[in-house]
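Notes follow once the structure below has been shown.
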Amino acid sequence: MKTDKITVTSWGRKMEEALNQADKVGAYKGLSAKSVLQLRLLTEEMMGMMRSLTGEKEGTFWIEDENGVYSLHLQVLTRMNSEKRDQLLAVSTSGANESAKGLMGRLRDFFDRNVDEDVASYASPLLLPSMYEQSTTSTLDWEWSMTRYQSALTQLRASDKSAQEAWDELEKSVVAHVADDVKVSIRGGQVEMTIIKKLA
């Protein structure tokens with residue numbers, strides 16, 4: 001099953017429709033009240049990230065399921081170039097993206113990535129050693145996975161203070177507790193986040 005695609009915007013257009021889509025999927029698939037709540041919560045987190053994106057952006061949201069595994073998708077075309085990003089960040093006291101805190105904030109930072117920025121050299125606290133990879137799929141430039149991130153942090157946190165801080169941050173994340181995995185993939189100027197959850 002695949003729902004209709006909904007165009008949502010960073011200024012809030014059709015976000016309520018996306019949340020209603022989660023409820024409709026739950027009703028159509030006969031999910032338990034707890035599962036519907038989890039699906040809606042993950043949709044809310046995704047829409048919250050979209051709402052706080054820098055600049056006027058629009059994205060496409062939809063839900064798919066296969067054999068009880070549900071995936072929520074948000075696709076955004078990266079329109080910001082390095083000059084626009086630098087101008088926006090210059091307004092910040094620290095000169096950094098202040099909203100890139102917490103797991104969803106750091107994932108949001110991928111969506112704000114410069115369209116002219118080389119993915120391989122993209123600087124993000126989420127990119128620990130072995131945290132991302134050039135995709136083996138020819139249509140993908142790059143892919144990040146929360147499960148790989150958790151695994152890398154588990155190995156590094158005993159000896160690396162920043163990895164321990166990242167682990168603590170991950171432990172506080174609603175998405176990390178509810179979702180089975182979160183993936184971010186980049187195809188040229190298009191960034192897609194997929195939140196995956198097995199539901200009954």
Side-chain angles (χ1 to χ4, degrees), residues 1-80 99-113 115 126 135 137 139-147 149-150 170 172-200:
M1 179 216 68
K2 183 176 180 179
T3 66
D4 292 335
K5 292 185 176 184
I6 299 170
T7 300
V8 293
T9 66
S10 57
W11 56 96
R13 184 172 157 258
K14 293 205 175 179
M15 286 192 181
E16 194 59 40
E17 193 176 323
L19 293 171
N20 291 337
Q21 185 96 289
D23 294 334
K24 287 177 187 175
V25 167
Y28 177 74
K29 298 300 277 187
L31 296 175
S32 68
K34 179 182 176 185
S35 292
V36 172
L37 183 63
Q38 289 175 327
L39 195 61
R40 185 173 173 93
L41 182 63
L42 293 171
T43 303
E44 283 176 357
E45 286 290 308
M46 195 173 254
M47 292 302 103
M49 187 206 76
M50 184 69 192
R51 187 178 289 115
S52 58
L53 279 170
T54 305
E56 295 184 357
K57 293 202 180 195
E58 66 178 38
T60 306
F61 171 82
W62 73 96
I63 301 172
E64 295 180 21
D65 101 283
E66 189 173 330
N67 301 322
V69 177
Y70 292 78
S71 54
L72 290 75
H73 297 263
L74 178 64
Q75 253 179 15
V76 174
L77 187 63
T78 304
R79 293 189 183 108
M80 186 177 296
S99 65
K101 292 184 171 58
L103 179 66
M104 291 305 282
R106 296 197 193 283
L107 289 174
R108 179 176 54 246
D109 208 36
F110 285 117
F111 286 76
D112 263 350
R113 179 183 64 84
V115 73
L126 291 178
S135 176
T137 309
T139 58
L140 278 182
D141 297 336
W142 179 92
E143 187 176 70
W144 177 92
S145 165
M146 184 180 72
T147 55
Y149 182 61
Q150 287 172 317
L170 190 62
K172 294 173 190 166
S173 167
V174 171
V175 171
H177 282 284
V178 178
D180 294 328
D181 200 2
V182 178
K183 294 185 177 185
V184 176
S185 56
I186 297 174
R187 294 171 182 87
Q190 184 174 273
V191 185
E192 181 175 338
M193 174 189 286
T194 306
I195 297 179
I196 300 162
K197 177 69 179 174
K198 185 166 179 59
L199 296 170

Pair Leu19, Arg40 - check side-chain contact (heavy atoms from CB on, under 4.5 Å), show working. CA-CA 6 Å; Leu19 293 171; Arg40 185 173 173 93; 3.4 Å; yes
List the steps and the verdict of side-chain contact (heavy atoms from CB on, under 4.5 Å) for Leu41 and Glu44. CA-CA 5 Å; Leu41 182 63; Glu44 283 176 357; 4.1 Å; yes
When you look at Thr43 and Phe61, which way does the side-chain contact (heavy atoms from CB on, under 4.5 Å) test go after all the steps? CA-CA 9 Å; Thr43 303; Phe61 171 82; 3.7 Å; yes
Report the C-alpha separation of Val25 and Asp65 in whole Å, then their side-chain angles, then the decisive distance to 0.1 Å, and conclude whether the side-chain contact (heavy atoms from CB on, under 4.5 Å) test is met. CA-CA 9 Å; Val25 167; Asp65 101 283; 5.9 Å; no
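Heavy-atom minimum distance, Ile195 versus Ala179: CG2-CB, 3.6 Å. The minimum heavy-atom distance between Gly26 and Val36, with the atom names listed, is CA-CG2, 3.7 Å. Between Lys198 and Asn67 the shortest heavy-atom distance is NZ-O, 3.5 Å. Considering every non-hydrogen atom in both Gly59 and Val76, the closest pair reads CA-CG2, 4.0 Å.
Checked against side chain to side chain donor-acceptor pair (under 3.5 Å), Glu64 has the following partners two or more places apart in sequence or in another chain: Trp62.
Taking CD of Glu17 as the start and CD of Gln21 as the end, the distance is 7.0 Å to the nearest 0.5 Å. Distance check: Leu72 CG to Met193 CE gives 10.5 Å after rounding to the nearest 0.5 Å. Here the NZ-NE2 distance, from Lys5 to His73, works out to 9.0 Å after rounding to the nearest 0.5 Å. In this structure, Asp181 CG and Thr147 OG1 are separated by 3.5 Å, a value rounded to the nearest 0.5 Å. Separating the CG atom in Leu39 from the NZ atom in Lys29 is a distance of 11.5 Å, to the nearest 0.5 Å. In this structure, CG in Asp23 is found 11.0 Å from CG in Leu31, a value given to the nearest 0.5 Å.
A donor-acceptor pair under 3.5 Å links the side-chain atoms of Ser10 to the main chain of Lys57, judged by distance alone. A donor-acceptor contact shorter than 3.5 Å is absent between the side chain of Thr194 and the backbone of Ser71. A donor-acceptor pair is defined here as one N or O able to donate and one able to accept, closer than 3.5 Å; such a pair exists between the side chain of Lys197 and the backbone of Val178.
Contact check for Leu37 versus Lys34: no side-chain heavy atoms found under the 4.5 Å cut-off.
Under a cut-off of 6.0 angstrom, the local environment of NZ in Lys24 is sparse, with at most 12 non-hydrogen atoms contributed by other residues, nucleotides or ligands.
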